[in-house]
Amino acid sequence: MFGLFKKKASSESAAEATMRKEFDQTIAVARVSPLSKQARVGKGINDALADFHRRYTPKSFNELDFAEKKSYLDTLAKRQDELRLMGGDVGLEHIGYSLVSRWALAVAMGSDSLVNHFEDSMIYFKRAAQTL
């Protein structure tokens, strides 16, 4: 019986570790870009977070059922795809939407450590967006 609980806890920590690794890799790639491109990533983050906060708070987002959460994440993914197709500097905003999608998943998982890590990591790009 205890093995079941250990397996669930370890699979959750493995999922969190994978999410953190993917997020950190995306951040690392975006950070080596010129400031103008970093600013576009930050604009994507700011736009996606503004949309999230217009609709929800993290607590209210957690109160949504699975279908509603999936619908919101699909909306983020659709906007991310639209931005990616635009190309140029504006197209880089899709990276910001990607980062916010991962942040929303961390909120949905209830992982405070991931949420805090993601928020701390996104601050740099949010500040860079002020240069636009």
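Residues: numbered from 1 along the sequence shown. As the structure is a prediction and not an experimental result, all values here were calculated from the model. In what follows, every heavy atom counts, from backbone to side chain, and hydrogens, waters and symmetry copies are set aside.
- Figure legend: Arg55 and Tyr72 shown without cation-pi pairing, the cationic atom not lying both under 6.0 angstrom from the six-membered ring centre and within 45 degrees of its axis.
- Between the NZ atom of Lys69 and the CG atom of Leu73 there is a distance of 9.0 Å, given to the nearest 0.5 Å.
- Judged by distance alone, with hydrogens and angles left aside, the side-chain atoms of Ser98 form no donor-acceptor pair with the main-chain N or O of His94 at under 3.5 Å.
- Using a 4.0 Å cut-off between charged nitrogen and carboxylate oxygen, Asp74 and Lys70 count as a salt-bridge pair.
- Gln38 contributes atom CD, which lies 10.5 Å from atom CD1 of Ile95 (distance to the nearest 0.5 angstrom).
- Outside the 6.0 Å centre-distance limit, the rings of Phe23 and Trp103 are not counted as a close aromatic pair.
- Side chain to side chain, Tyr56 and Glu63 fail the donor-acceptor criterion of an N or O pair below 3.5 Å.
- For the pair Glu16 and Arg20, the salt-bridge criterion is not met [side-chain N within less than 4.0 Å of a carboxylate O].
- Ala128 and Ala39 make their closest contact through O-CB, 3.2 Å (heavy atoms, listed as atom of the first residue, atom of the second, distance).
- Checking Asp120, Val115, Leu114 one by one against Phe118, the side-chain contact (heavy atoms from CB on, under 4.5 Å) holds for a single residue, Leu114.
- Thr75 places a side-chain N or O within 3.5 Å of a backbone atom of Ser71 that can act as its donor or acceptor partner.
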Might you work through the side chain to side chain contact (heavy atoms under 4.5 Å, CB included) test for His117 and Asp24, ending with a clear yes or no? CA-CA 10 Å; His117 175 70; Asp24 289 343; 2.7 Å; yes
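- Between Asn46 and Ala129 the shortest heavy-atom distance is ND2-CB, 3.5 Å.
- Minimum heavy-atom separation, Val107 to Asn62: O-OD1, 2.8 Å.
- Between Asp51 and Arg54 a salt bridge is recorded (basic side-chain N to carboxylate O distance below 4.0 Å).
- Counting heavy atoms from C-beta on, the side chains of Leu49 and Lys126 come closer than 4.5 Å.
- What you find for Pro58 and Phe52 is that their closest heavy atoms are N-CE2, 4.0 Å.
- Taken from OG1 in Thr26 to CG in Leu99, the straight-line distance is 6.0 Å, to the nearest 0.5 Å.
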I would like to know whether Gln25 and Val29 meet side chain to side chain contact (heavy atoms under 4.5 Å, CB included); could you show each step before the answer? CA-CA 6 Å; Gln25 287 173 341; Val29 168; 5.7 Å; no
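- In terms of heavy-atom proximity, Val90 sits nearest to Met86 at CG1-SD, 3.5 Å.
- Salt bridge Asp81/Lys78: absent, no basic N to carboxylate O contact under 4.0 Å.
- With rounding to the nearest 0.5 angstrom, the CG atom of Leu76 is 4.0 Å from the OG atom of Ser101.
- Between Phe125 and Arg31 there is a side-chain heavy-atom pair separated by less than 4.5 Å.
- Between the side chain of Glu119 and the main chain of Asn116, no donor-acceptor pair closer than 3.5 Å is present.
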Could you go step by step and tell me if Lys43 and Asp47 meet the salt bridge (Lys or Arg N to Asp or Glu O under 4.0 Å) rule? CA-CA 6 Å; Lys43 184 176 182 321; Asp47 291 351; 2.8 Å; yes
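- In terms of heavy atoms, Met19 sits closest to Arg102 at CE-O, 3.4 Å.
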